[in-house]
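For reference, the structure is listed below as structure tokens.
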Amino acid sequence: MKIVRTIAALELLGEAGLVPTMGALHDGHRSLFRAARAENEVVVASLFVNPAQFDVAADLSAYPRDEQQDAEIAEEEAVDVLFAPSVEEMYPAGFATWVDSGDVGAEGAARPGHFRGVATVCVKLFNIVQPRRAYFGQKDAQQAAMLRRLVRDLNLGVQIRVLPTVRDQDGLAVSSRNVLLSEGERKEALALPRALARGVEAYTQGGDPVAATRGALNGLPPDYVELVELDAATVLAAAVHVGPIRLIDNVLLKGNLS
Ligand code: PAF
């Protein structure tokens with residue numbers, strides 16, 4: 001695997017699949033790498049903690065970083081190129097152009113500027129790497145919905161592939177932020193996937209999935225619980241606070257995501 005730090009040094013051969021990441025790679029990323037490996041000649045992973053998408057400075061400074069471990073995981077998953085630019089490489093002095101993706105659902109409203117930062121960095125990565133396909137996790141359902149709309153609106157020639165959320169054995173969706181949870185907080189956090197499961201149950205019985213989820217959060221303060229339309233799918237999505245950590249998760253109610 002080649003590690004590339006500058007845009008100029010990124011020479012691609014053949015049809016590429018791109019997995020954009022902010023590092024702290026976990027099993028969710030592994031599933032994206034595997035899908036990309038199966039569908040493309042060349043697999044590029046980007047590793048860039050994008051300051052433009054953090055609405056809270058403390059969240060940016062606390063974001064877990066371990067490039068050596070990330071490089072090992074990417075190598076194990078047969079990634080061809082790890083693109084790991086510096087902040088200056090991506091946002092050089094004088095940078096002033098932003099992609100305004102508009103809000104998508106309550107996640108956009110809860111984190112002002114977040115989707116603008118994600119949209120801008122993704123358009124930059126799509127232009128730099130010129131992938132045929134780009135891979136994202138269902139856990140970030142509103143992000144995926146925003147990116148699909150962006151690609152449609154701006155006629156970008158990249159297919160947005162959305163892969164199912166990977167969960168630990170106890171049901172918690174894998175996330176880079178999980179390493180920040182204490183043992184007790186991790187136990188409390190399990191109320192989130194359990195509450196979403198109550199929501200699915202209510203939905204299948206003709207009830208209100210949002211109310212059922214809210215009622216089963218076991219005291220975790222929610223930012224929101226909402227239904228998100230994602231092309232041919234509807235997902236039930238929620239964000240909650242567990243101590244100082246904000247976690248998001250969602251489940252598919254109908255349709256399919258890929
Ligand atoms: O989902 C993420 O990790 C980030 O939002 C992304 C897509 C890599 C953009 O920085």
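One-based numbering, in listed order, for ligands and for the atoms of each.
- Summarising the contacts of atom 9 (C) of ligand 1 with Q53, Q143, H29, the nearest heavy atom is found in Q53.
- Each of the atoms 8 (C) of ligand 1 lies under 4.0 Å from some heavy atom of P20.
- Among residues two or more places apart in sequence or in another chain, the salt bridge (Lys or Arg N to Asp or Glu O under 4.0 Å) test is passed with D59 by R111, R177.
- Under 4.0 Å is where a charged nitrogen must lie from a carboxylate oxygen, and between E88 and R5 no such pair does.
- The atoms of ligand 1 that sit less than 4.0 Å from any heavy atom of V121 are 9 (C), 10 (O).
- Side chain to side chain, Q138 and N250 meet the donor-acceptor criterion of an N or O pair below 3.5 Å.
- N40 contributes no side-chain N or O that, together with a main-chain N or O of V42, makes up a donor-acceptor pair within less than 3.5 Å.
- Nearest protein neighbour of atom 3 (O) of ligand 1, counting heavy atoms only, is M22 CG, 3.7 Å.
- Taking a 4.0 Å cut-off on heavy atoms, F48 fails to register as neighbouring ligand 1.
- Near F136, the atoms of ligand 1 lying under 4.0 angstrom from a non-hydrogen atom of the residue are 7 (C).
- For Q143 and E107, the side-chain atoms include no donor-acceptor pair closer than 3.5 Å.
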